[in-house]
There are 2 protein chains.
Amino acid sequence: MSGKANISESLAKGLAILDLFGVEDAGFTLSEIAARVGISKTSAHRYVTTYCEQDYLARDPRSGLYRLGVRTLALAQSMIETSELVRGLRPFVDEAAARHGIHIDVALLSRDAVYLVYRRDSADTRVFRSFSYASSLHYLAAGKAAMAFMEPRALAGIMSRLQLTAKTDRTITDKAVLEAELAEARELGYAKNNEESLPGLIAIGAPLFSLRTGEVVGAVSFDSSTATYSMQELERLFAGYLVELAKKISAVVSL
Amino acid sequence: MSGKANISESLAKGLAILDLFGVEDAGFTLSEIAARVGISKTSAHRYVTTYCEQDYLARDPRSGLYRLGVRTLALAQSMIETSELVRGLRPFVDEAAARHGIHIDVALLSRDAVYLVYRRDSADTRVFRSFSYASSLHYLAAGKAAMAFMEPRALAGIMSRLQLTAKTDRTITDKAVLEAELAEARELGYAKNNEESLPGLIAIGAPLFSLRTGEVVGAVSFDSSTATYSMQELERLFAGYLVELAKKISAVVSL
DNA sequence: AACTGTCGTTCCGCCAGCCGGAACACCCGG
DNA sequence: CCGGGTGTTCCGGCTGGCGGAACGACAGTT
């Protein structure tokens, strides 16, 4: 059956199990997994034990529920470390951060979330940390930058699925308001976050494009405490440069 | 055939593909994957396309090599966010960080590396970021703390596999020296990192144990610039407290 | 205590679908 | 033009995934 391609049904079902695990779900029982994926308990058991063997899943010792295991962290780390995009943009981001004394975040877009893959801390010679920090789209400068510049069809799909959960009292929870902001971002070339994810934290973000397909693949962003800069200052001082940086990266780095 | 358990051979082979991807390897060609895993190109193709379909793998557009995809980041994020251990230890770490005005890192042990899963930044009310930053063991306070207190057999296995790559000129590259340091750490109750991962950065780390099995599962650590504290000061001021914190967490949190 | 409802685990016969060899289309360097 | 390297598709053979059913353990209810 199924659509088209030459895919492994077993592996696909295995991955369907991993798909169950979101950021809010605490864990699942074996029967639950079987029911949600639509396979027998027997099969679910076989898959799950295979995952556990390799630390991709683990059983919570007290609740008995199945959770994601530590092995998943290694995958993410490897992904980030070997990503051509991340490697390629480091010099640009580091240079920009050093020159302007600011820290810059780089996020990649996948499905309905952005993933922070690189942060260059500001002036002081601290570690260059690469990490993965996932989040939804609507309350982040990077997320809104990505949404603003993606193709309309993809955006429509995301908008229909997006839960506009409030992180602060300034988080946008109305789709019409969000649409209007995205339109403004398209005009400006960058998106803003006005204390929508955390009180006292503002940010601006500019989109990264794929050299090959022309689609949005992520965003660079710069956040600041409201005590340091106002949004007006942030835009006046850094927005132009951030957009330039994003363009420079998009022009050079692959993906 | 095979050893024992009720395992899905297909999924196991699929996971074996993911195992290929380390932090240094740039990417693989399909034939390479097939050869390394020990399956036919046909099967490898089926697995790989299945992975690509779900963004677990992706083809680098210019080199044509298969790489890890962005989906792996989402898994790691979900793992961290839903981890009982991480959730449980947050209050302790936050309290400790706030009281002493320091930032504390929490790392989990898996196989031959530690994964940073939580960092609480110091006094200022910055974001609590959870992220995954993987690393080897021998040049980190957290890594050495974990090694020092793991059971001898597991340690022997790791020691035999460990590549003592140098990150700075003070990184320990001699196994005998490392053994001696681990012995010292066992005595002290905590491990040190004396500019072994980055010049000017020192740290101390204390092990976390599983309440159930008694084994080491990770470590808490605290790092500082040499400009702020000397190693002697670090030990005198914070070591006792860090060890206490680790004990408190080990006693309360599951896993 | 016995009953009832979960859970995870194991056994087993059946047939879906994984398997790998071979042939294919492609691109590049000689 | 050809030889060696990709990735891709086709196909028959048979492995191993499949789910129903039965089992042992545990927890809550009666």
Side-chain angles (χ1 to χ4, degrees), chain A residues 1-21 25-69 84 212-213 254, chain B residues 1-21 25-69 84 212-213 254:
Chain A
M1 69 172 72
S2 99
K4 48 186 76 168
N6 188 17
I7 66 171
S8 163
E9 223 111 336
S10 299
L11 182 57
K13 283 176 189 165
L15 295 183
I17 292 177
L18 294 184
D19 281 346
L20 294 178
F21 296 88
D25 301 303
F28 297 101
T29 176
L30 181 66
S31 313
E32 239 174 330
I33 293 175
R36 295 215 190 196
V37 177
I39 56 181
S40 68
K41 265 202 304 182
T42 312
S43 300
H45 179 255
R46 214 167 337 104
Y47 285 130
V48 162
T49 52
T50 308
Y51 275 129
C52 285
E53 197 89 3
Q54 309 259 12
D55 272 352
Y56 284 92
L57 290 181
R59 288 191 73 176
D60 188 305
R62 70 176 46 166
S63 68
L65 297 177
Y66 287 99
R67 297 253 172 95
L68 291 174
E84 200 59 47
R212 188 173 45 99
T213 66
S254 73
Chain B
M1 72 171 71
S2 100
K4 48 185 81 165
N6 189 15
I7 274 185
S8 164
E9 224 111 336
S10 300
L11 182 56
K13 281 175 190 166
L15 295 183
I17 291 178
L18 294 185
D19 281 345
L20 294 178
F21 295 88
D25 302 303
F28 297 101
T29 175
L30 181 65
S31 313
E32 239 174 331
I33 293 174
R36 297 214 188 196
V37 177
I39 55 181
S40 69
K41 265 203 303 183
T42 313
S43 300
H45 179 254
R46 213 167 336 104
Y47 286 129
V48 162
T49 52
T50 309
Y51 275 129
C52 285
E53 196 89 3
Q54 309 259 12
D55 273 350
Y56 284 93
L57 291 181
R59 288 191 73 176
D60 188 305
R62 70 175 46 166
S63 68
L65 296 177
Y66 287 99
R67 297 252 174 96
L68 290 174
E84 200 59 46
R212 188 173 45 97
T213 66
S254 73

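Each chain gets a letter, A, B and so on, in the order its sequence line appears, and its residues count up from 1.
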S.K.: Please pick, from C:dC18, C:dG8, D:dG19, the nucleotide with the shortest atom-to-atom distance to any side-chain atom of A:R59.
M.R.: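 Among C:dC18, C:dG8, D:dG19, the one nearest the side chain of A:R59 is C:dG8.
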S.K.: Without decimals, in angstroms, what is the distance between A:Y66 OH and C:dC7 P?
M.R.: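 The distance from OH of A:Y66 to P of C:dC7 comes to 12 Å, rounded to the nearest Å.
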S.K.: Is there a side-chain polar atom (N or O) of A:S31 under 4.0 Å from OP1 or OP2 of C:dG8?
M.R.: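 The answer is yes; a side-chain N or O of A:S31 sits under 4.0 Å from OP1 or OP2.
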S.K.: Does the side chain of B:Y47 get closer than 4.0 angstrom to OP1 or OP2 of C:dC19 through an N or O atom?
M.R.: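 Yes, because at least one side-chain N or O of B:Y47 sits under 4.0 Å from OP1 or OP2 of C:dC19.
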S.K.: Report the distance from atom CD1 of B:I33 to atom CG of B:L65, rounding to the nearest 0.5 Å.
M.R.: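 Taking CD1 in B:I33 and CG in B:L65, the distance rounds to 9.0 Å.
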S.K.: Over how many whole Å does the gap from A:E9 atom CD to C:dA16 atom P extend?
M.R.: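 Whole-Å distance recorded here is 12 Å.
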S.K.: Measure the distance from CZ on B:F28 to P on D:dG7 and round it to the nearest whole Å.
M.R.: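 So the CZ-P distance, B:F28 to D:dG7, works out to 13 Å.
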S.K.: Can you figure out which of D:dG7, C:dG17, C:dG8 approaches the side chain of A:L30 most closely?
M.R.: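 For the A:L30 side chain, the nearest candidate turns out to be C:dG8.
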S.K.: In which ranges does DNA chain C form stems of 3 or more consecutive Watson-Crick or G-U pairs, distances under 3.5 Å?
M.R.: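 DNA chain C forms these stems: C:4-6 with D:25-27, C:8-27 with D:4-23.
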S.K.: Below 4.0 angstrom from OP1 or OP2 of C:dC18, is there any side-chain N or O of B:S43?
M.R.: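 Negative; the distance criterion is not met.
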S.K.: Return the nearest nucleotide to the side chain of A:T42; candidates are C:dC19, C:dG8, C:dC11.
M.R.: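 The answer is C:dC11, which lies nearest to the side chain.
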S.K.: Taking atom C1' of C:dG8 as reference, at what distance in whole Å does atom CD1 of A:I39 sit?
M.R.: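 Between C1' of C:dG8 and CD1 of A:I39: 15 Å.
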S.K.: Provide, to the nearest angstrom, the distance between the CD atom belonging to A:E32 and the C1' atom belonging to C:dC7.
M.R.: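 Distance, rounded to whole Å: 12 Å.
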S.K.: Please give, in whole Å, the distance from D:dT6 P to B:D60 CG?
M.R.: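 Atom-to-atom, B:D60 to D:dT6, this comes out as 16 Å.
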S.K.: Within the 4.5 Å heavy-atom criterion, are B:Y47 and B:I39 side-chain neighbours or not?
M.R.: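 The answer is yes, as the side chains (C-beta and beyond) meet within the 4.5 Å cut-off.
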S.K.: Using OP1 and OP2 only, check whether a side-chain N or O of A:K41 sits under 4.0 Å from D:dA21.
M.R.: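 The answer is no; no side-chain N or O of A:K41 sits under 4.0 Å from OP1 or OP2.
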S.K.: I need the single residue from A:L18, A:I7, A:D19 that forms a side chain to side chain contact (heavy atoms under 4.5 Å, CB included) with B:Q54. Which is it?
M.R.: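 Result: among A:L18, A:I7, A:D19, A:D19 is the only option passing the side chain to side chain contact (heavy atoms under 4.5 Å, CB included) with B:Q54.
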S.K.: Which nucleotide in the list C:dG20, D:dT8, C:dG8 gets nearest to the side chain of B:H45?
M.R.: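 Comparing C:dG20, D:dT8, C:dG8 against the side chain of B:H45, the answer is D:dT8.
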S.K.: Specify the residue among B:S40 and A:G64 whose closest nucleotide of DNA chain C lies further upstream toward the 5′ end.
M.R.: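 It is A:G64, whose closest nucleotide lies nearer the 5' terminus.
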S.K.: If I take atom CZ in residue B:R46 and atom P in nucleotide C:dA16, what distance separates them, rounded to the nearest angstrom?
M.R.: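 Result: 17 Å.
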S.K.: Is there a side-chain contact between B:L57 and B:F21, using heavy atoms and a 4.5 Å cut-off?
M.R.: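 Yes, their side chains come closer than 4.5 Å.
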S.K.: Can you measure B:K13 atom NZ to C:dC18 atom P for me and round it to whole angstrom units?
M.R.: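 Result: 11 Å.
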S.K.: Is there a side-chain contact between A:S43 and A:R46 in this structure, where contact means two heavy atoms from C-beta onward sitting under 4.5 Å apart?
M.R.: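 Yes; the side chains approach each other to less than 4.5 Å.
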S.K.: So, the side chain of B:Y51 versus the backbone of B:G14: is there a donor-acceptor pair under 3.5 Å, distance only?
M.R.: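 Yes; at least one donor-acceptor contact below 3.5 Å.
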S.K.: From the list D:dT8, C:dC18, C:dG8, which nucleotide is the closest neighbour of the side chain of B:S10?
M.R.: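 Of the options given, the side chain of B:S10 lies nearest C:dC18.
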S.K.: Look up atom CZ in B:R36 and atom OG in B:S31, then write down how far apart they are to the nearest 0.5 Å.
M.R.: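 One finds 12.0 Å between CZ of B:R36 and OG of B:S31.
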S.K.: Could you give me the CA-CA distance, side-chain angles and deciding distance for A:I17 and A:Y66, then say whether side chain to side chain contact (heavy atoms under 4.5 Å, CB included) is met?
M.R.: CA-CA 11 Å; A:I17 292 177; A:Y66 287 99; over 6 Å; no
